[in-house]
Amino acid sequence: MSWKSLLPTSKQNFLQFHAHFVATGLSNHSIPLRHLLSSAALHGGPDYAITILAHFSHGPTTFLSNTIISIFASQNHPVCYSWYVYSSLLYRHCLLPNSYSYPSLLKSLSTSEDWNFHARCIHTHIVKFLGGIGDRFVGASLVSFYGRRGMIKACRYLFDEMLDPDLPTWNSLLAAYLRAGGGERDETFFFHYDDECRSNSLGLFRDMLLRGLAPDEMTFVAVLGVCGDVGALSQGMWAHGYILRHSNKVVLNQYVRSALIQMYGKSGRLDLAVEVFDEMKTRDTPCYNAMISCLAVHGNGHCAIGLYEIMKLNGTKVDESTMISVLSACSHAVLVEEGRRCFEEMTTILNIEPKIEHYCCLIDLLGRAGKVRDAIDIFRQVPMKPTAIMYRSLLSSCRIHGESELEMDGDVVKKLMELDPDHAGNYVMVSNMYANGEEWDSVKKIRTAMREMGVRKSPGISSIEIDGFVYEFSTGYAEPYVEEISRSLITR
DNA sequence: ATAGGGTTAG
(Lines give C-alpha, C1' and ligand atoms only; values in the text may rest on other atoms or scores of the structure.)
Protein backbone atom coordinates (compact mmCIF):
# COMPACT_ATOMS: atom_id res chain seq x y z
CA MET A 1 0.00 0.00 0.00
CA SER A 2 2.90 2.30 0.69
CA TRP A 3 3.57 3.00 -2.98
CA LYS A 4 0.19 4.63 -3.33
CA SER A 5 1.01 7.38 -0.91
CA LEU A 6 4.26 7.96 -2.78
CA LEU A 7 2.60 8.56 -6.13
CA PRO A 8 3.99 11.78 -7.52
CA THR A 9 1.75 14.73 -8.24
CA SER A 10 4.11 17.01 -10.07
CA LYS A 11 6.36 16.74 -13.08
CA GLN A 12 9.48 17.18 -10.98
CA ASN A 13 9.29 14.07 -8.86
CA PHE A 14 8.03 11.71 -11.54
CA LEU A 15 11.37 10.49 -12.79
CA GLN A 16 12.65 9.96 -9.29
CA PHE A 17 9.60 7.96 -8.41
CA HIS A 18 9.88 6.08 -11.61
CA ALA A 19 13.40 4.95 -10.74
CA HIS A 20 12.18 3.76 -7.37
CA PHE A 21 9.30 2.08 -9.13
CA VAL A 22 11.55 0.06 -11.41
CA ALA A 23 14.10 -0.72 -8.67
CA THR A 24 11.51 -2.20 -6.32
CA GLY A 25 9.98 -4.29 -9.06
CA LEU A 26 6.65 -2.51 -8.86
CA SER A 27 6.72 -1.93 -12.59
CA ASN A 28 6.10 -5.61 -13.09
CA HIS A 29 2.67 -5.29 -11.56
CA SER A 30 -0.11 -3.88 -13.61
CA ILE A 31 -2.09 -2.09 -10.97
CA PRO A 32 0.69 0.14 -9.63
CA LEU A 33 1.80 0.68 -13.20
CA ARG A 34 -1.59 1.88 -14.23
CA HIS A 35 -1.70 4.20 -11.25
CA LEU A 36 1.67 5.64 -12.12
CA LEU A 37 0.80 6.29 -15.75
CA SER A 38 -2.64 7.56 -14.87
CA SER A 39 -1.28 10.02 -12.37
CA ALA A 40 1.40 11.08 -14.84
CA ALA A 41 -1.27 11.80 -17.47
CA LEU A 42 -3.44 13.62 -14.96
CA HIS A 43 -0.79 15.81 -13.33
CA GLY A 44 1.83 16.08 -16.01
CA GLY A 45 -0.36 15.94 -19.09
CA PRO A 46 -0.56 13.33 -21.84
CA ASP A 47 2.81 14.32 -23.32
CA TYR A 48 4.45 13.63 -20.04
CA ALA A 49 2.79 10.26 -19.70
CA ILE A 50 4.19 9.36 -23.09
CA THR A 51 7.66 10.41 -21.94
CA ILE A 52 7.33 8.19 -18.89
CA LEU A 53 6.27 5.35 -21.15
CA ALA A 54 9.43 5.76 -23.18
CA HIS A 55 11.55 5.36 -20.04
CA PHE A 56 10.59 1.79 -19.39
CA SER A 57 13.64 -0.38 -19.80
CA HIS A 58 12.19 -2.79 -22.32
CA GLY A 59 10.64 -0.01 -24.34
CA PRO A 60 6.93 0.23 -24.97
CA THR A 61 5.08 -3.05 -25.32
CA THR A 62 1.60 -3.64 -26.63
CA PHE A 63 0.44 -4.01 -23.06
CA LEU A 64 1.93 -0.70 -21.98
CA SER A 65 0.54 1.10 -25.02
CA ASN A 66 -2.90 -0.33 -24.43
CA THR A 67 -2.78 0.74 -20.83
CA ILE A 68 -1.88 4.28 -21.70
CA ILE A 69 -4.45 4.52 -24.48
CA SER A 70 -7.12 3.42 -22.06
CA ILE A 71 -5.96 6.03 -19.57
CA PHE A 72 -6.13 8.75 -22.20
CA ALA A 73 -9.61 7.63 -23.20
CA SER A 74 -10.90 7.63 -19.64
CA GLN A 75 -9.37 11.03 -18.91
CA ASN A 76 -10.85 12.42 -22.14
CA HIS A 77 -7.59 13.61 -23.61
CA PRO A 78 -7.72 14.57 -27.29
CA VAL A 79 -7.60 11.77 -29.85
CA CYS A 80 -4.21 12.79 -31.16
CA TYR A 81 -2.47 11.39 -28.08
CA SER A 82 -4.14 7.99 -28.25
CA TRP A 83 -3.53 7.87 -31.95
CA TYR A 84 0.11 8.81 -31.48
CA VAL A 85 0.64 5.95 -29.05
CA TYR A 86 -1.20 3.55 -31.31
CA SER A 87 0.66 4.50 -34.46
CA SER A 88 4.06 4.43 -32.81
CA LEU A 89 3.20 0.99 -31.54
CA LEU A 90 2.64 -0.05 -35.13
CA TYR A 91 5.14 1.86 -37.16
CA ARG A 92 7.95 2.80 -34.79
CA HIS A 93 8.17 -0.23 -32.58
CA CYS A 94 6.79 -2.64 -35.13
CA LEU A 95 4.57 -4.33 -32.59
CA LEU A 96 1.20 -5.85 -33.23
CA PRO A 97 -1.92 -4.47 -31.59
CA ASN A 98 -4.30 -6.92 -29.96
CA SER A 99 -7.97 -6.94 -29.11
CA TYR A 100 -7.32 -4.87 -26.00
CA SER A 101 -5.92 -2.05 -28.11
CA TYR A 102 -9.08 -1.08 -29.93
CA PRO A 103 -11.93 -0.42 -27.50
CA SER A 104 -10.31 2.58 -25.86
CA LEU A 105 -8.85 3.81 -29.12
CA LEU A 106 -12.31 3.73 -30.67
CA LYS A 107 -13.68 5.57 -27.70
CA SER A 108 -11.22 8.41 -28.17
CA LEU A 109 -11.77 8.46 -31.90
CA SER A 110 -15.52 8.71 -31.59
CA THR A 111 -15.37 11.97 -29.73
CA SER A 112 -13.69 14.02 -32.42
CA GLU A 113 -15.12 14.89 -35.81
CA ASP A 114 -11.85 16.16 -37.17
CA TRP A 115 -10.46 12.67 -37.40
CA ASN A 116 -12.54 11.27 -40.18
CA PHE A 117 -9.58 9.89 -42.03
CA HIS A 118 -8.35 7.86 -39.09
CA ALA A 119 -11.86 6.89 -38.17
CA ARG A 120 -12.33 5.40 -41.60
CA CYS A 121 -9.20 3.29 -41.58
CA ILE A 122 -9.70 1.90 -38.10
CA HIS A 123 -12.13 -0.76 -39.23
CA THR A 124 -9.62 -1.91 -41.84
CA HIS A 125 -6.93 -2.05 -39.21
CA ILE A 126 -9.06 -4.24 -37.03
CA VAL A 127 -9.72 -6.65 -39.85
CA LYS A 128 -6.08 -6.62 -40.83
CA PHE A 129 -4.52 -7.07 -37.43
CA LEU A 130 -7.13 -9.11 -35.62
CA GLY A 131 -8.49 -11.02 -38.58
CA GLY A 132 -12.07 -9.89 -38.02
CA ILE A 133 -14.53 -8.71 -35.42
CA GLY A 134 -14.55 -11.94 -33.51
CA ASP A 135 -13.77 -10.42 -30.17
CA ARG A 136 -16.79 -9.35 -28.12
CA PHE A 137 -15.21 -6.23 -26.79
CA VAL A 138 -13.97 -5.11 -30.17
CA GLY A 139 -17.34 -5.82 -31.75
CA ALA A 140 -19.22 -3.90 -29.10
CA SER A 141 -16.85 -0.97 -29.29
CA LEU A 142 -17.11 -0.83 -33.04
CA VAL A 143 -20.90 -0.85 -32.90
CA SER A 144 -20.73 1.88 -30.31
CA PHE A 145 -18.19 3.80 -32.39
CA TYR A 146 -20.34 3.84 -35.52
CA GLY A 147 -23.31 4.72 -33.38
CA ARG A 148 -21.58 7.68 -31.77
CA ARG A 149 -20.70 8.99 -35.19
CA GLY A 150 -24.33 8.64 -36.30
CA MET A 151 -23.59 5.96 -38.86
CA ILE A 152 -26.60 3.89 -38.06
CA LYS A 153 -26.52 1.78 -41.18
CA ALA A 154 -22.98 0.60 -40.52
CA CYS A 155 -23.81 0.11 -36.90
CA ARG A 156 -26.85 -2.00 -37.64
CA TYR A 157 -25.05 -3.98 -40.29
CA LEU A 158 -22.30 -4.98 -37.91
CA PHE A 159 -24.81 -5.85 -35.24
CA ASP A 160 -26.79 -8.08 -37.56
CA GLU A 161 -23.61 -9.87 -38.58
CA MET A 162 -22.95 -10.88 -35.01
CA LEU A 163 -24.04 -14.33 -34.02
CA ASP A 164 -24.85 -13.75 -30.43
CA PRO A 165 -24.51 -10.12 -29.42
CA ASP A 166 -24.00 -9.63 -25.73
CA LEU A 167 -25.56 -7.05 -23.46
CA PRO A 168 -23.02 -4.27 -24.05
CA THR A 169 -23.43 -4.71 -27.80
CA TRP A 170 -27.19 -4.37 -27.46
CA ASN A 171 -26.69 -1.35 -25.27
CA SER A 172 -24.42 0.26 -27.83
CA LEU A 173 -26.98 -0.29 -30.56
CA LEU A 174 -29.80 1.11 -28.46
CA ALA A 175 -27.69 4.12 -27.59
CA ALA A 176 -26.95 4.60 -31.28
CA TYR A 177 -30.63 4.61 -32.17
CA LEU A 178 -31.24 7.08 -29.42
CA ARG A 179 -28.55 9.40 -30.69
CA ALA A 180 -29.71 9.14 -34.29
CA GLY A 181 -31.83 12.25 -33.82
CA GLY A 182 -30.27 14.68 -36.26
CA GLY A 183 -29.65 12.23 -39.07
CA GLU A 184 -26.32 12.28 -40.78
CA ARG A 185 -24.66 12.01 -44.12
CA ASP A 186 -21.44 10.22 -44.62
CA GLU A 187 -19.24 9.50 -47.58
CA THR A 188 -19.56 5.78 -47.23
CA PHE A 189 -22.90 5.21 -45.63
CA PHE A 190 -25.82 7.37 -46.58
CA PHE A 191 -28.32 7.71 -43.87
CA HIS A 192 -31.39 9.85 -43.79
CA TYR A 193 -33.12 10.14 -40.53
CA ASP A 194 -36.63 8.82 -40.48
CA ASP A 195 -39.07 8.87 -37.64
CA GLU A 196 -39.18 5.12 -37.52
CA CYS A 197 -35.71 5.07 -36.08
CA ARG A 198 -36.69 5.93 -32.58
CA SER A 199 -39.87 3.97 -32.33
CA ASN A 200 -37.91 1.05 -33.71
CA SER A 201 -35.54 1.29 -30.85
CA LEU A 202 -38.28 0.56 -28.35
CA GLY A 203 -39.08 -2.51 -30.46
CA LEU A 204 -35.42 -3.43 -30.28
CA PHE A 205 -35.58 -3.22 -26.54
CA ARG A 206 -38.52 -5.59 -26.59
CA ASP A 207 -36.60 -8.02 -28.81
CA MET A 208 -33.79 -7.90 -26.36
CA LEU A 209 -36.06 -8.82 -23.46
CA LEU A 210 -37.64 -11.60 -25.52
CA ARG A 211 -34.20 -13.03 -26.17
CA GLY A 212 -33.80 -13.40 -22.46
CA LEU A 213 -31.16 -10.75 -21.91
CA ALA A 214 -31.49 -8.95 -18.61
CA PRO A 215 -31.22 -5.19 -19.10
CA ASP A 216 -28.83 -3.22 -16.97
CA GLU A 217 -28.29 0.43 -16.08
CA MET A 218 -26.87 1.34 -19.49
CA THR A 219 -29.83 -0.22 -21.22
CA PHE A 220 -32.16 1.97 -19.28
CA VAL A 221 -30.19 5.11 -19.94
CA ALA A 222 -30.78 4.52 -23.66
CA VAL A 223 -34.36 3.31 -23.35
CA LEU A 224 -35.43 6.17 -21.12
CA GLY A 225 -33.82 8.59 -23.52
CA VAL A 226 -35.87 7.20 -26.37
CA CYS A 227 -39.04 7.31 -24.29
CA GLY A 228 -38.44 10.95 -23.58
CA ASP A 229 -37.89 11.75 -27.22
CA VAL A 230 -41.06 10.12 -28.49
CA GLY A 231 -43.10 11.17 -25.49
CA ALA A 232 -43.77 7.57 -24.53
CA LEU A 233 -44.61 8.31 -20.95
CA SER A 234 -46.15 4.99 -20.07
CA GLN A 235 -43.22 3.00 -21.43
CA GLY A 236 -40.98 5.30 -19.47
CA MET A 237 -42.96 4.71 -16.32
CA TRP A 238 -42.93 1.02 -17.03
CA ALA A 239 -39.15 1.16 -17.26
CA HIS A 240 -39.01 3.06 -13.99
CA GLY A 241 -41.19 0.38 -12.44
CA TYR A 242 -38.99 -2.37 -13.85
CA ILE A 243 -35.93 -0.77 -12.31
CA LEU A 244 -37.61 -0.51 -8.92
CA ARG A 245 -38.83 -4.12 -9.08
CA HIS A 246 -35.37 -5.39 -10.03
CA SER A 247 -33.42 -3.25 -7.63
CA ASN A 248 -31.08 -6.14 -6.92
CA LYS A 249 -30.02 -6.22 -10.57
CA VAL A 250 -30.46 -2.67 -11.78
CA VAL A 251 -29.18 0.07 -9.54
CA LEU A 252 -30.69 3.53 -9.61
CA ASN A 253 -27.36 5.24 -10.12
CA GLN A 254 -26.67 8.80 -11.22
CA TYR A 255 -26.84 7.86 -14.88
CA VAL A 256 -30.23 6.23 -14.59
CA ARG A 257 -31.61 8.95 -12.40
CA SER A 258 -30.61 11.71 -14.75
CA ALA A 259 -32.14 9.74 -17.62
CA LEU A 260 -35.36 9.46 -15.59
CA ILE A 261 -35.38 13.18 -14.91
CA GLN A 262 -34.89 13.84 -18.59
CA MET A 263 -37.62 11.40 -19.61
CA TYR A 264 -40.21 12.78 -17.20
CA GLY A 265 -39.32 16.32 -18.14
CA LYS A 266 -39.73 15.71 -21.85
CA SER A 267 -42.96 13.80 -21.35
CA GLY A 268 -44.54 16.74 -19.61
CA ARG A 269 -44.29 15.45 -16.06
CA LEU A 270 -42.15 18.09 -14.46
CA ASP A 271 -43.58 17.02 -11.11
CA LEU A 272 -42.18 13.49 -11.42
CA ALA A 273 -38.83 14.81 -12.67
CA VAL A 274 -38.61 16.99 -9.60
CA GLU A 275 -39.54 14.01 -7.44
CA VAL A 276 -36.67 11.94 -8.82
CA PHE A 277 -34.32 14.87 -8.42
CA ASP A 278 -35.38 15.50 -4.82
CA GLU A 279 -34.94 11.86 -3.86
CA MET A 280 -31.27 11.94 -4.73
CA LYS A 281 -28.77 12.13 -1.93
CA THR A 282 -25.84 13.21 -4.05
CA ARG A 283 -26.21 14.99 -7.32
CA ASP A 284 -23.52 15.27 -9.94
CA THR A 285 -23.25 17.71 -12.81
CA PRO A 286 -25.32 15.77 -15.38
CA CYS A 287 -28.15 15.42 -12.87
CA TYR A 288 -28.28 19.14 -12.37
CA ASN A 289 -28.00 19.63 -16.11
CA ALA A 290 -30.94 17.32 -16.72
CA MET A 291 -33.06 19.10 -14.13
CA ILE A 292 -32.13 22.54 -15.44
CA SER A 293 -32.95 21.60 -19.01
CA CYS A 294 -36.32 20.20 -17.87
CA LEU A 295 -37.11 23.49 -16.23
CA ALA A 296 -35.99 25.24 -19.39
CA VAL A 297 -38.34 23.18 -21.55
CA HIS A 298 -41.19 23.97 -19.20
CA GLY A 299 -40.49 27.68 -19.45
CA ASN A 300 -39.51 27.91 -15.82
CA GLY A 301 -36.54 30.18 -16.31
CA HIS A 302 -36.25 31.55 -12.80
CA CYS A 303 -36.11 28.11 -11.22
CA ALA A 304 -33.50 27.05 -13.75
CA ILE A 305 -31.32 30.01 -12.87
CA GLY A 306 -31.94 29.33 -9.18
CA LEU A 307 -30.68 25.79 -9.58
CA TYR A 308 -27.65 27.05 -11.41
CA GLU A 309 -26.92 29.41 -8.52
CA ILE A 310 -27.27 26.51 -6.09
CA MET A 311 -24.78 24.50 -8.12
CA LYS A 312 -22.25 27.27 -7.86
CA LEU A 313 -22.85 27.62 -4.12
CA ASN A 314 -22.51 23.97 -3.24
CA GLY A 315 -19.47 23.50 -5.41
CA THR A 316 -20.91 21.24 -8.11
CA LYS A 317 -18.86 21.67 -11.22
CA VAL A 318 -20.64 23.81 -13.79
CA ASP A 319 -19.76 22.66 -17.28
CA GLU A 320 -20.53 23.80 -20.80
CA SER A 321 -23.70 21.73 -20.99
CA THR A 322 -24.99 23.39 -17.84
CA MET A 323 -24.50 26.72 -19.53
CA ILE A 324 -26.37 25.60 -22.62
CA SER A 325 -29.32 24.56 -20.49
CA VAL A 326 -29.23 27.75 -18.47
CA LEU A 327 -29.02 29.94 -21.56
CA SER A 328 -31.83 28.08 -23.24
CA ALA A 329 -33.92 28.47 -20.08
CA CYS A 330 -33.36 32.21 -20.29
CA SER A 331 -34.26 32.11 -23.94
CA HIS A 332 -37.53 30.24 -23.41
CA ALA A 333 -38.57 32.50 -20.56
CA VAL A 334 -37.33 35.65 -22.33
CA LEU A 335 -34.99 36.59 -19.49
CA VAL A 336 -32.65 38.73 -21.55
CA GLU A 337 -30.59 40.42 -18.87
CA GLU A 338 -30.20 37.23 -16.86
CA GLY A 339 -29.07 35.40 -19.95
CA ARG A 340 -26.50 38.06 -20.74
CA ARG A 341 -25.23 37.93 -17.18
CA CYS A 342 -24.89 34.13 -17.30
CA PHE A 343 -22.97 34.36 -20.55
CA GLU A 344 -20.67 36.94 -18.98
CA GLU A 345 -20.16 34.80 -15.89
CA MET A 346 -19.28 31.82 -17.99
CA THR A 347 -16.21 33.48 -19.43
CA THR A 348 -15.19 35.62 -16.47
CA ILE A 349 -15.87 33.60 -13.32
CA LEU A 350 -16.29 30.03 -14.49
CA ASN A 351 -13.53 30.08 -17.06
CA ILE A 352 -15.54 28.18 -19.64
CA GLU A 353 -14.61 29.01 -23.20
CA PRO A 354 -17.90 29.69 -25.01
CA LYS A 355 -18.45 27.21 -27.80
CA ILE A 356 -20.48 27.81 -30.91
CA GLU A 357 -23.53 26.33 -29.20
CA HIS A 358 -23.37 28.98 -26.52
CA TYR A 359 -23.26 31.72 -29.07
CA CYS A 360 -26.25 30.10 -30.75
CA CYS A 361 -28.18 30.26 -27.50
CA LEU A 362 -27.26 33.87 -26.94
CA ILE A 363 -28.26 34.85 -30.46
CA ASP A 364 -31.49 32.93 -30.06
CA LEU A 365 -32.16 34.62 -26.74
CA LEU A 366 -31.67 38.10 -28.10
CA GLY A 367 -33.53 37.37 -31.32
CA ARG A 368 -36.56 35.94 -29.56
CA ALA A 369 -36.70 38.91 -27.24
CA GLY A 370 -36.88 41.20 -30.25
CA LYS A 371 -33.37 42.56 -29.87
CA VAL A 372 -32.53 41.58 -33.40
CA ARG A 373 -29.83 44.24 -33.77
CA ASP A 374 -27.99 42.97 -30.71
CA ALA A 375 -28.33 39.43 -31.98
CA ILE A 376 -26.71 40.45 -35.23
CA ASP A 377 -23.91 42.21 -33.37
CA ILE A 378 -23.15 39.03 -31.47
CA PHE A 379 -23.42 37.06 -34.68
CA ARG A 380 -20.65 39.20 -36.18
CA GLN A 381 -18.46 38.76 -33.11
CA VAL A 382 -18.58 34.98 -33.07
CA PRO A 383 -15.03 33.80 -33.69
CA MET A 384 -16.10 30.56 -35.38
CA LYS A 385 -17.61 29.75 -38.72
CA PRO A 386 -21.36 30.34 -38.43
CA THR A 387 -23.56 27.25 -38.57
CA ALA A 388 -26.88 26.67 -40.25
CA ILE A 389 -28.55 26.82 -36.85
CA MET A 390 -27.29 30.34 -36.29
CA TYR A 391 -28.56 31.56 -39.64
CA ARG A 392 -31.87 29.85 -39.03
CA SER A 393 -32.30 31.34 -35.60
CA LEU A 394 -31.37 34.78 -36.87
CA LEU A 395 -33.70 34.63 -39.84
CA SER A 396 -36.64 33.38 -37.86
CA SER A 397 -36.27 36.12 -35.27
CA CYS A 398 -36.11 38.63 -38.11
CA ARG A 399 -39.29 37.21 -39.46
CA ILE A 400 -41.13 37.27 -36.16
CA HIS A 401 -40.03 40.74 -35.21
CA GLY A 402 -40.29 42.16 -38.68
CA GLU A 403 -36.84 43.56 -39.31
CA SER A 404 -37.58 43.58 -42.97
CA GLU A 405 -34.39 45.14 -44.37
CA LEU A 406 -32.43 42.38 -42.71
CA GLU A 407 -34.74 39.56 -43.39
CA MET A 408 -34.57 40.12 -47.09
CA ASP A 409 -30.83 39.86 -46.96
CA GLY A 410 -30.36 37.40 -49.76
CA ASP A 411 -26.86 36.54 -48.64
CA VAL A 412 -28.06 35.05 -45.40
CA VAL A 413 -30.66 32.99 -47.19
CA LYS A 414 -28.11 31.80 -49.71
CA LYS A 415 -25.59 30.85 -47.06
CA LEU A 416 -28.21 28.95 -45.13
CA MET A 417 -29.23 26.97 -48.17
CA GLU A 418 -25.62 26.17 -48.96
CA LEU A 419 -24.91 24.97 -45.47
CA ASP A 420 -27.96 22.84 -45.00
CA PRO A 421 -29.72 22.14 -48.30
CA ASP A 422 -31.61 19.11 -46.97
CA HIS A 423 -33.29 20.86 -44.12
CA ALA A 424 -36.92 21.16 -45.10
CA GLY A 425 -37.63 23.74 -42.42
CA ASN A 426 -35.34 26.21 -44.19
CA TYR A 427 -37.45 26.24 -47.32
CA VAL A 428 -40.64 26.66 -45.40
CA MET A 429 -39.25 29.48 -43.32
CA VAL A 430 -37.79 31.34 -46.28
CA SER A 431 -40.89 30.92 -48.36
CA ASN A 432 -42.97 32.24 -45.46
CA MET A 433 -40.66 35.20 -45.29
CA TYR A 434 -41.23 35.97 -48.92
CA ALA A 435 -44.93 35.43 -48.49
CA ASN A 436 -44.96 37.99 -45.68
CA GLY A 437 -43.29 40.45 -48.01
CA GLU A 438 -45.76 39.47 -50.73
CA GLU A 439 -42.97 38.47 -53.07
CA TRP A 440 -44.95 35.75 -54.71
CA ASP A 441 -42.43 35.05 -57.46
CA SER A 442 -39.76 34.23 -54.91
CA VAL A 443 -42.19 32.03 -53.04
CA LYS A 444 -42.83 30.09 -56.19
CA LYS A 445 -39.11 29.74 -56.84
CA ILE A 446 -38.51 28.31 -53.38
CA ARG A 447 -41.33 25.82 -53.73
CA THR A 448 -39.96 24.66 -57.06
CA ALA A 449 -36.45 24.37 -55.67
CA MET A 450 -37.83 22.26 -52.87
CA ARG A 451 -39.50 19.90 -55.26
CA GLU A 452 -36.41 19.67 -57.44
CA MET A 453 -34.22 18.88 -54.47
CA GLY A 454 -36.64 16.24 -53.35
CA VAL A 455 -36.99 17.85 -49.96
CA ARG A 456 -40.22 17.31 -48.16
CA LYS A 457 -41.29 18.92 -44.97
CA SER A 458 -42.78 16.53 -42.51
CA PRO A 459 -45.44 18.36 -40.56
CA GLY A 460 -44.57 19.51 -37.07
CA ILE A 461 -46.45 17.21 -34.78
CA SER A 462 -46.99 17.22 -31.06
CA SER A 463 -48.11 14.10 -29.37
CA ILE A 464 -49.85 13.34 -26.14
CA GLU A 465 -50.49 10.05 -24.49
CA ILE A 466 -53.88 9.38 -23.03
CA ASP A 467 -54.68 6.01 -21.49
CA GLY A 468 -51.84 4.31 -23.33
CA PHE A 469 -52.67 5.70 -26.75
CA VAL A 470 -50.49 8.27 -28.42
CA TYR A 471 -52.47 11.03 -30.08
CA GLU A 472 -50.76 13.26 -32.56
CA PHE A 473 -51.84 16.72 -33.38
CA SER A 474 -50.55 19.54 -35.50
CA THR A 475 -51.95 22.89 -36.51
CA GLY A 476 -55.57 22.47 -37.44
CA TYR A 477 -55.66 18.75 -36.88
CA ALA A 478 -56.06 16.98 -33.57
CA GLU A 479 -58.67 14.29 -33.83
CA PRO A 480 -60.38 13.22 -31.75
CA TYR A 481 -59.38 15.25 -28.75
CA VAL A 482 -58.97 18.63 -30.37
CA GLU A 483 -61.42 20.43 -28.13
CA GLU A 484 -60.19 18.99 -24.86
CA ILE A 485 -56.62 19.74 -25.73
CA SER A 486 -57.23 23.33 -26.63
CA ARG A 487 -59.43 23.81 -23.61
CA SER A 488 -56.79 22.45 -21.27
CA LEU A 489 -54.15 24.58 -22.92
CA ILE A 490 -56.25 27.67 -22.42
CA THR A 491 -57.17 26.94 -18.81
CA ARG A 492 -53.53 26.44 -17.86
C1' DA B 1 -2.10 -7.75 -16.92
C1' DT B 2 -4.53 -3.97 -20.63
C1' DA B 3 -11.22 -3.08 -22.88
C1' DG B 4 -17.28 -1.27 -24.24
C1' DG B 5 -22.31 3.45 -21.13
C1' DG B 6 -25.02 9.69 -19.56
C1' DT B 7 -27.36 15.20 -21.90
C1' DT B 8 -28.04 20.35 -24.01
C1' DA B 9 -29.98 24.54 -28.19
C1' DG B 10 -32.77 25.02 -33.36
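A, B, ... follow the sequence lines: proteins, then strands. Residue 1 opens every chain. Predicted, not measured: the structure shown is a model, and the values here were computed from it.
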Proximity to the side chain of A:Phe137 - top-ranked nucleotide from B:dA9, B:dG5, B:dA3: B:dA3
Minimum-distance nucleotide to A:Ser325 side chain [options: B:dA3, B:dA9, B:dT8]: B:dT8
Euclidean distance, atom CE of residue A:Met263 to atom P of B:dT8 [Å, nearest integer]: 14 Å
Atom-pair distance (CZ on A:Arg392; P on B:dA9), nearest Å: 14 Å
Atom-pair distance (CG on A:Leu109; P on B:dG4), nearest Å: 14 Å
Sugar-phosphate only, base, or nothing, as touched by A:Gln262 at under 4.0 Å among non-hydrogen atoms: sugar-phosphate
Shortest side-chain distance from A:Lys107, nucleotide among B:dA9, B:dT2, B:dG4: B:dG4
side-chain N/O A:Arg257 vs B:dT7 OP1/OP2, d < 4.0 Å: no
Sugar-phosphate only, base, or nothing, as touched by A:Ser258 at under 4.0 Å among non-hydrogen atoms: base
Sugar-phosphate only, base, or nothing, as touched by A:Gln254 at under 4.0 Å among non-hydrogen atoms: base
Sugar-phosphate only, base, or nothing, as touched by A:Asp216 at under 4.0 Å among non-hydrogen atoms: nothing
Closest to the A:Ile324 side chain, choosing from B:dG10, B:dT2, B:dA9: B:dA9
Nearest listed nucleotide, side chain of A:Ser321, among B:dG10, B:dG6, B:dT7: B:dT7
A:Arg148 side chain, from C-beta outward: closest of B:dG5, B:dG4, B:dA9: B:dG5
Residue from A:Phe72, A:Tyr84, A:Trp83 passing ring pair (Phe, Tyr, Trp, His ring centres under 6.0 Å) with A:His77: A:Phe72
Pairing residues for A:Phe343 by the ring pair (Phe, Tyr, Trp, His ring centres under 6.0 Å) criterion, not counting sequence neighbours: A:Tyr359
Test of ring centre spacing under 6.0 Å for A:Phe129 and A:Tyr102: no
Nearest-Å distance for atom pair OH/P, residues A:Tyr359 and B:dA9: 20 Å
Which nucleotide in B:dG10, B:dA1, B:dG6 has an atom nearest any side-chain atom of A:Phe63: B:dA1
Proximal nucleotide (of B:dG10, B:dG5, B:dT2) relative to the A:Glu217 side chain: B:dG5
Shortest side-chain distance from A:Cys361, nucleotide among B:dG4, B:dA9, B:dG10: B:dA9
Touch class at under 4.0 angstrom, heavy-atom based, for A:Asn289 against every strand present: base
Phosphate contact (B:dG10 OP1 or OP2) by A:His358 side-chain N/O below 4.0 Å: no
A:Thr322, A:Asp319, A:Asn314 screened by side-chain hydrogen bond (donor to acceptor under 3.5 Å, both in side chains) with A:Tyr288, the one that passes: A:Asn314
Whole-Å gap separating C1' (B:dT8) and CD1 (A:Ile261): 14 Å
Sequence-distant partners of A:His358, ring pair (Phe, Tyr, Trp, His ring centres under 6.0 Å), two or more places apart: none
Among B:dG6, B:dA9, B:dA1, the one nearest A:Cys287 by side-chain distance: B:dG6
A:Tyr146 and A:His123 aromatic centres sub-6.0 Å: yes
Proximity of A:Trp170 and A:Phe205 rings by center, below 6.0 Å: no
Touch class at under 4.0 angstrom, heavy-atom based, for A:Ser99 against every strand present: base
Side-chain donor/acceptor of A:Asp166 to base of B:dG4, under 3.5 Å: yes
Distance in angstrom units between A:Lys266 NZ and B:dG10 P, rounded: 12 Å
Spacing of A:Leu105 atom CG relative to B:dT2 atom P, expressed in whole Å: 18 Å
Ring-base stacking, A:Tyr255 with B:dG5 (5.5 Å, 30° cut-offs): yes
Base of B:dG6 paired with side chain of A:Asn253 (donor-acceptor, under 3.5 Å): no
Distance, rounded to the nearest Å, where A:Leu394 contributes CG and B:dG10 contributes C1': 13 Å
Sugar-phosphate, base or nothing in reach of A:Lys355, heavy atoms under 4.0 Å: nothing
